[in-house]
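Since the structure comes first, as structure tokens, the remarks are kept for the end.
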Amino acid sequence: MIVFDLDSRRINRWLSAFAMLCRILALTYALVLTRFHPHPVIEARQEIIMTVWWAMAAYTAGLIVLLFVRDAILRAPFFCSWIR
């Protein structure tokens, strides 16, 4: 008996979305800490910290795009041709 009618693909999509939400919250928290609650060590290394933050934000944005288009990418002929 399936109560919620969830298959493994739908559960995987929900868990991926939850992971992205956690990642976005962590990035937001890091930005708030570096911008609005400065510590002397953070102020001394502000440029490096913000460079790393922007790199992680870009990586997270790439993961979010991949979350929405992964079926189209992974079912492309390039990936499916060697599976047979």
Side-chain angles (χ1 to χ4, degrees):
M1 180 174 143
I2 300 175
V3 178
F4 296 110
D5 191 34
L6 292 175
D7 59 352
S8 63
R9 190 177 262 180
R10 189 172 291 169
I11 291 172
N12 186 18
R13 195 169 284 276
W14 278 105
L15 288 176
S16 295
F18 179 72
M20 287 301 121
L21 177 65
C22 291
R23 224 178 144 79
I24 291 169
L25 289 175
L27 279 169
T28 305
Y29 180 69
L31 182 65
V32 168
L33 281 181
T34 58
R35 289 290 188 185
F36 302 112
H37 190 66
H39 187 272
V41 175
I42 292 174
E43 285 184 273
R45 294 176 176 90
Q46 184 74 21
E47 185 176 329
I48 295 170
I49 291 171
M50 288 311 296
T51 302
V52 171
W53 188 90
W54 278 108
M56 291 307 300
Y59 179 70
T60 301
L63 287 177
I64 290 171
V65 168
L66 186 63
L67 174 69
F68 289 112
V69 298
R70 69 177 167 200
D71 289 336
I73 291 173
L74 294 178
R75 298 196 190 284
F78 174 75
F79 288 108
C80 294
S81 63
W82 58 273
I83 293 176
R84 300 179 209 173

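In this text the structure is predicted, and so the values were computed from the model without any measurement.
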Once you round to the nearest 0.5 Å, how far does [atom1] of [X] lie from [atom2] of [Y]?
X	Y	atom1	atom2	result
L31	M50	CG	CE	5.0 Å
I42	I48	CD1	CD1	13.0 Å
R10	L15	CZ	CG	13.5 Å
M56	L63	CE	CG	8.0 Å

Beyond-backbone contact of [X] with [Y], side-chain heavy atoms, under 4.5 angstrom:
X	Y	value
Q46	R35	yes
I64	I24	yes
T34	W53	no

- Check: L67 main-chain N/O paired with R13 side-chain donor or acceptor under 3.5 Å: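 It does hold such a pair.
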- Message: Membership question, hydrophobic clusters at under 4.5 Å side-chain separation (ILVMFWY): are L27 and W54 in the same one?
- Response: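 Hydrophobic grouping puts W54 with L27.
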- Query: Around E47, counting heavy atoms of other residues, nucleotides and ligands shown, do more than 12 lie under 6.0 Å from its CD?
  - Reply: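 Counting neighbours around CD of E47, 12 or fewer heavy atoms of other residues, nucleotides or ligands fall under 6.0 Å, so no.
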